[in-house]
Protein chains: 2
Amino acid sequence: MKSCVLHDDGREQVAGFHMAGDLLGLDAIGSGNHTCDTLALEDTEVREIPFASLEQLSREMPSLQHQLHRIMSREIVRDHGVMLLLGSMSAGERLAAFLLNLSQRFAARGYSPSEFRLRMTREEMGSYLGLKLETVSRTLSSFQERGLIEVRQKQVRIVDFSGLKALLEQKR
Amino acid sequence: MKSCVLHDDGREQVAGFHMAGDLLGLDAIGSGNHTCDTLALEDTEVREIPFASLEQLSREMPSLQHQLHRIMSREIVRDHGVMLLLGSMSAGERLAAFLLNLSQRFAARGYSPSEFRLRMTREEMGSYLGLKLETVSRTLSSFQERGLIEVRQKQVRIVDFSGLKALLEQKR
DNA sequence: CGGTAAATTGATCTCCATCAAAGATAGTGG
DNA sequence: CCACTATCTTTGATGGAGATCAATTTACCG
């Protein structure tokens with residue numbers, strides 16, 4: 001699924017992509033309404049948890065309470081990572097970070113870390129990474145030319161993990 | 001105060017500026033260690049709240065529990081706003097948004113919304129906004145030429161609020 | 001009042017956005 | 001089953017916003 005924040009003026013940006021098991025909607029607790037729209041990119045099963053019950057339960061179960069706080073905290077840390085990405089990385093670095101992140105998350109769910117199908121369009125990736133779809137496409141092509149990955153439309157295979165990681169660590 | 005996330009490779013980015021009454025450090029709950037360094041930009045009084053006691057107390061006081069969740073949720077929403085800014089706004093829009101945000105926060109604390117002193121350097125602003133210090137300086141100068149603000153080093157006076165807001169709403 | 005850090009301003013360059021067009025893919029209906 | 005259409009992707013050519021490099025100027029502090 002993808003979550004989009006939308007600006008007053010109509011501009012919108014993908015704030016995150018979600019996979020099986022992810023908890024989402026935490027943004028609504030503060031004000032009562034959601035600041036994101038979330039859209040499924042493929043058939044998806046969703047479980048709704050009323051936040052009031054979660055709060056009540058977590059009062060009785062300290063471990064649940066703590067777990068909830070961990071999840072919210074992680075979301076904040078994740079967002080900081082994205083801010084770093086958007087604020088100080090080049091197109092290539094952004095794509096490399098994105099692919100490695102996806103790879104990790106697929107692996108955590110028991111799928112192959114090296115071969116997967118992108119569920120989102122180039123435009124959605126670009127929106128998330130602060131790039132235009134053409135730049136996303138070009139950068140992926142260049143990765144392929146350099147032997148880092150193989151792309152064919154939405155199908156991706158990571159060939160050279162350390163090469164991708166090197167893209168992120170070289171600067172300074 | 002300013003909070004900086006630092007990347008493995010040494011790059012760092014300002015993740016936020018804090019003012020009196022702000023709660024900070026929420027990023028550490030997940031992993032146990034802080035992913036941000038926070039640095040005071042002027043003499044500051046800080047109160048430490050052990051998170052364990054906060055959790056315990058909030059189990060006994062549902063209103064406190066809810067308040068805590070609101071604060072964490074707001075932090076997430078705020079970060080999404082910054083992501084939108086970094087991902088899809090021009091230098092001028094970023095600066096305008098930044099100044100208006102500061103203005104609001106000063107006003108909320110009983111200070112003048114139109115005249116204040118920037119506590120951070122141009123470089124720190126730039127780091128937060130994903131810009132270089134020269135661009136920050138140039139953009140502020142251009143705002144002044146256009147009669148939107150008056151700047152003299154760190155001292156800022158907002159002359160034309162609606163003009164600044166218009167910068168944010170024009171697109172699309 | 002000298003020394004250092006910060007800010008301003010100018011000149012040039014680079015990366016990515018933009019504009020444009022051609023391929024690829026999937027879904028639809030005859 | 002296949003033409004037809006809409007959407008997505010790739011690739012090329014060009015332009016522009018902001019980065020980078022560089023030189024002053026201004027403020028701050030002991």
Side-chain angles (χ1 to χ4, degrees), chain A residues 2 11 13-14 17 39-43 84-99 117-146 148-157 167 170-172, chain B residues 2 11 13-14 17 39 41-43 85-99 116-146 148-157 167-168 170-172:
Chain A
K2 64 165 180 176
R11 256 178 299 190
Q13 179 167 10
V14 176
F17 294 105
L39 221 104
L41 300 174
E42 61 184 330
D43 288 358
L84 190 61
L85 180 142
L86 292 173
S88 64
M89 287 168 56
S90 69
E93 294 171 310
R94 292 179 201 197
L95 251 309
F98 181 67
L99 290 175
R117 193 171 175 76
L118 300 168
R119 303 300 156 84
M120 70 293 287
T121 67
R122 300 285 188 263
E123 185 169 21
E124 287 160 342
M125 277 190 260
S127 170
Y128 180 61
L129 299 171
L131 301 169
K132 292 290 143 182
L133 68 298
E134 294 95 328
T135 305
V136 173
S137 179
R138 265 185 253 274
T139 307
L140 289 177
S141 299
S142 115
F143 281 1
Q144 177 156 255
E145 282 164 27
R146 286 190 267 166
L148 296 169
I149 63 172
E150 282 167 22
V151 221
R152 183 174 165 69
Q153 303 288 130
K154 292 194 158 34
Q155 197 65 31
V156 173
R157 202 166 78 80
L167 281 183
Q170 60 190 0
K171 284 278 185 61
R172 282 191 51 84
Chain B
K2 64 164 180 177
R11 254 179 301 190
Q13 179 167 9
V14 175
F17 295 106
L39 220 104
L41 300 174
E42 61 184 331
D43 288 357
L85 180 142
L86 291 173
S88 64
M89 286 168 55
S90 70
E93 294 171 312
R94 291 179 200 197
L95 251 309
F98 180 67
L99 290 174
F116 45 84
R117 193 172 174 74
L118 301 169
R119 304 305 157 80
M120 69 294 287
T121 67
R122 300 284 188 265
E123 185 169 21
E124 287 161 341
M125 276 190 261
S127 170
Y128 179 61
L129 299 171
L131 302 169
K132 292 290 144 182
L133 66 299
E134 294 96 328
T135 305
V136 172
S137 179
R138 266 186 253 274
T139 307
L140 289 177
S141 299
S142 115
F143 280 2
Q144 178 156 254
E145 281 164 28
R146 286 190 267 167
L148 296 169
I149 62 172
E150 283 168 23
V151 221
R152 184 174 165 71
Q153 302 290 131
K154 292 194 159 32
Q155 197 64 32
V156 174
R157 201 165 79 79
L167 281 182
L168 296 176
Q170 60 189 0
K171 283 277 185 61
R172 282 192 48 85

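A note on names: the letters A, B, ... follow the listed sequences, proteins ahead of strands, and every chain is numbered from 1. This is a predicted model, so every value here is computed, not measured.
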Asker: Taking atom CG of A:Leu85 and atom CD of B:Gln13, what is their separation to the nearest 0.5 Å?
Answerer: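 So the gap between those two atoms works out to 9.5 Å.
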Asker: Check the pair B:Leu86, B:Arg94 against side chain to side chain contact (heavy atoms under 4.5 Å, CB included), reporting the backbone distance first and the verdict last.
Answerer: CA-CA 8 Å; B:Leu86 291 173; B:Arg94 291 179 200 197; 4.0 Å; yes
Asker: With rounding to the nearest 0.5 Å, note down the distance linking CG in B:Leu95 to CG in B:Leu131.
Answerer: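 So the CG of B:Leu95 and the CG of B:Leu131 are separated by 6.5 Å.
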Asker: Can you confirm whether B:Leu167 sits close enough to B:Leu148 that some side-chain heavy atom of one is under 4.5 Å from a side-chain heavy atom of the other?
Answerer: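 The answer is yes; the side chains approach within 4.5 Å.
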Asker: Can you sort out the partners of A:Glu124 under salt bridge (Lys or Arg N to Asp or Glu O under 4.0 Å), two or more places apart, ordered by chain and number?
Answerer: A:Lys2
Asker: To the nearest 10°, give me the bend of the helix from C:dC1-D:dG30 to C:dG30-D:dC1, comparing the axes of its five terminal pairs at either end.
Answerer: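 End axes: 50° apart.
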Asker: Is B:Glu93 reaching over with its side chain to a backbone N or O of B:Leu168, donor-acceptor style, under 3.5 angstrom?
Answerer: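 Looks like no, no N/O pair under 3.5 Å.
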Asker: Could you state the atom-to-atom distance from CG of B:Leu95 to P of D:dG18 in whole Å?
Answerer: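 Result: 10 Å.
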Asker: Take atom CD of A:Glu123 and atom C1' of D:dT7, then tell me their distance rounded to the nearest Å.
Answerer: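 Taking atom C1' of D:dT7 as the reference, CD of A:Glu123 is at 11 Å.
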Asker: Measure the distance from CZ on B:Arg94 to P on D:dA17 and round it to the nearest whole Å.
Answerer: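 It works out to 14 Å between those atoms.
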Asker: Hey, where on DNA chain C does chain B first and last touch, going 5' to 3'? Cut-off is any atom under 4.0 Å from a heavy atom.
Answerer: C:dA6 to C:dA11
Asker: Return the set of residues passing ring-ring contact (aromatic ring centres under 6.0 Å, His included) with A:Tyr128 (not counting sequence neighbours), or none when no residue passes.
Answerer: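 Checked A:Tyr128 against ring-ring contact (aromatic ring centres under 6.0 Å, His included); matches are A:Phe17, A:Phe98.
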Asker: How does protein contact run along nucleotides 19-30 of chain D, one letter per nucleotide 5' to 3', with B for base contact, S for sugar-phosphate only, - for none, heavy atoms under 4.0 Å?
Answerer: SBB-----SS--
Asker: I need the B:Met120 CE to B:Leu39 CG distance, nearest 0.5 Å.
Answerer: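 Rounded to the nearest 0.5 Å, the CE-CG separation comes to 12.5 Å.
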Asker: Which donor-acceptor pairs under 3.5 Å do the side chains of residues 133-143 of chain B make with protein atoms, sequence neighbours left out?
Answerer:
unit_1	atom_1	unit_2	atom_2	d
B:Thr139	OG1	B:Thr135	O	2.6
B:Ser141	OG	B:Ser137	O	3.0
B:Ser142	OG	B:Thr139	O	3.4
B:Ser142	OG	B:Arg146	NH2	3.2

Asker: May I have the distance from B:Glu93 (atom CD) to D:dA17 (atom P), rounded to whole angstrom?
Answerer: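 Rounded to whole Å, this separation is 12 Å.
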Asker: By side chain to side chain contact (heavy atoms under 4.5 Å, CB included), which residues pair with A:Glu150, not counting sequence neighbours?
Answerer: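 Listed in chain order: A:Gln144, A:Arg157, A:Val159.
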Asker: Let me know the distance between CZ of A:Phe143 and C1' of D:dT10, rounded to the nearest Å.
Answerer: 16 Å
Asker: Select base, sugar-phosphate, or nothing to describe what A:Ser137 touches, counting heavy atoms under 4.0 Å on all strands.
Answerer: base
Asker: Among residues at least two apart in sequence or on other chains, which ones pass side chain to side chain contact (heavy atoms under 4.5 Å, CB included) with B:Arg117?
Answerer: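 So B:Arg117 forms a side chain to side chain contact (heavy atoms under 4.5 Å, CB included) with B:Arg119, B:Lys154, B:Gln155.
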